[in-house]
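To start, the structure itself, in structure tokens.
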Amino acid sequence: MRQAGAYSGLLCGGVSGRTGPHSLPLARIKKIMKKSGEDVKMISGEAPIIFSKACELFIEELTRRSWIMAIQGKRRTLHKDDLTSAVIATDIFDFLITLVSNSDSHALGPSTTTVMEVETIDYS
Amino acid sequence: MDQEEQDRALPIANVGRIMKQILPPSAKISKEGKQLMQECVTEFISFVTGEASDKCHKENRKTVNGDDICWALSSLGFDNYSEAIARYLHKYRIAEREEKMNHNKKYEGSATKTLNQTQLIHAPPPSLSRVTDMVENPPTTNQSG
């Protein structure tokens with residue numbers, strides 16, 4: 001019977017069912033990698049495993065930086081604006097500027113509509 | 001985020017769990033915050049993969065491997081991740097080799113298991129806090145294995 005290695009448990013998201021920090025689905029990571037470009041044809045078995053660790057570090061860093069923004073705003077709830085502020089304040093997160101800006105403009109949609117409704121009151 | 005977008009991103013539950021683990025217990029995270037983080041991580045994967053893939057293409061290689069990911073992380077400014085990931089990759093490869101050796105030995109009729117192999121096979125994967133420690137406080141001496 002094949003014995004589980006120290007890291008092969010990552011393949012099923014945790015052998016014992018413990019929700020450790022390695023619990024990111026490798027198949028999904030691989031899917032995202034493949035969609036990133038036409039040049040990406042073959043991916044080694046270790047790449048999604050390495051990425052799952054890299055993603056954890058990324059999430060950790062962005063969360064920490066966003067939390068600082070929330071604290072500065074005297075809040076204990078992390079909002080998407082905190083993530084946006086953290087992205088803008090961090091050089092290596094420049095690749096996310098377009099994404100967070102688009103996300104902000106989507107959020108502006110409903111309130112913009114509300115303003116327009118106020119401005120187009122029917123006086124007839 | 002519609003269902004199709006959800007299927008393309010990492011699961012929000014997993015993302016939210018990782019976020020919660022490094023925040024104080026009393027901290028809360030809005031649903032929109034988790035959703036934005038989902039999108040950011042997806043973009044991170046695409047961004048780094050693109051860089052790694054370009055490298056492979058220039059070197060006439062077809063397969064993106066762990067070393068390419070490490071290189072891409074460093075190239076894009078994620079030096080601290082790159083070092084921790086390089087160590088993780090090294091341990092992963094050793095564990096895989098040990099597992100293979102163990103598998104081969106079994107079929108050669110040997111029931112001998114070294115203590116090191118048993119320890120390595122049953123050692124839990126490095127926790128996030130340990131990796132973070134490794135990122136922030138890299139060991140000054142080379143650890144074997």
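Just so we're on the same page: letters track the sequence lines, and every chain starts at 1. Model, not experiment: these values are computed from the prediction.
- Between the side chain of A:Ser36 and the backbone N or O of A:Met33 there is at least one donor-acceptor pair closer than 3.5 Å.
- Contact of B:Arg93 with chain A is made through the side chain alone, with heavy-atom distances under 4.5 Å.
- If you take CD on B:Glu39 and CG on A:Leu83, they are separated by 10.5 Å, rounding to the nearest 0.5 Å.
- Heavy atoms of A:Lys34 lying under 4.5 Å from chain B are absent altogether.
- Within the 4.5 angstrom heavy-atom criterion, atoms from both the backbone and the side chain of B:Phe44 approach chain A.
- Checked by atom type and distance alone, the side chain of B:Gln38 pairs as donor or acceptor with a backbone atom of B:Leu10 at under 3.5 Å.
- For chain A, the nearby parts of B:Leu89 are the backbone and the side chain; heavy atoms of each come within less than 4.5 Å.
- The part of A:Leu96 that comes within reach of chain B is its side chain, from C-beta onward, which places non-hydrogen atoms under 4.5 angstrom from that chain.
- Of the listed residues (B:Cys70, B:Ala13, B:Ser53), the one with the most heavy-atom contacts under 4.5 Å to chain A is B:Ser53.
- Most heavy-atom pairs under 4.5 Å with chain A, from the set B:Leu73, B:Asn65, B:Asp67: that is B:Asn65.
- No salt bridge links B:Lys100 with B:Glu96; every basic N to acidic carboxylate O contact stays at or beyond 4.0 Å.
- In terms of non-hydrogen atom pairs under 4.5 Å with chain A, the most contact-rich of B:Gly50, B:Cys40, B:Ser82 is B:Cys40.
- Ranking A:Pro48, A:Ala70, A:Ala54 against chain B, the residue ahead of the rest is A:Ala54, based on heavy-atom pairs under 4.5 Å.
- When atom types are taken as modelled, the side chain of A:Ser52 and the backbone of A:Ile49 share a donor-acceptor pair closer than 3.5 angstrom.
- Judged by distance alone, the side chain of A:Thr84 and the main-chain N or O of A:Lys80 form a donor-acceptor pair under 3.5 Å.
- For chain A, the nearby part of B:Leu76 is the backbone; its heavy atoms alone come within less than 4.5 Å.
- Taking a cutoff of 4.0 Å between a charged side-chain nitrogen and a carboxylate oxygen, B:Lys55 and B:Glu51 do not qualify as a salt bridge.
- The ring of A:Phe93 has its center closer than 6.0 angstrom to the ring center of A:Phe58.
- For the set A:Met42, A:Arg75, A:Glu61, the entry with the most heavy-atom pairs within less than 4.5 Å of chain B is A:Met42.
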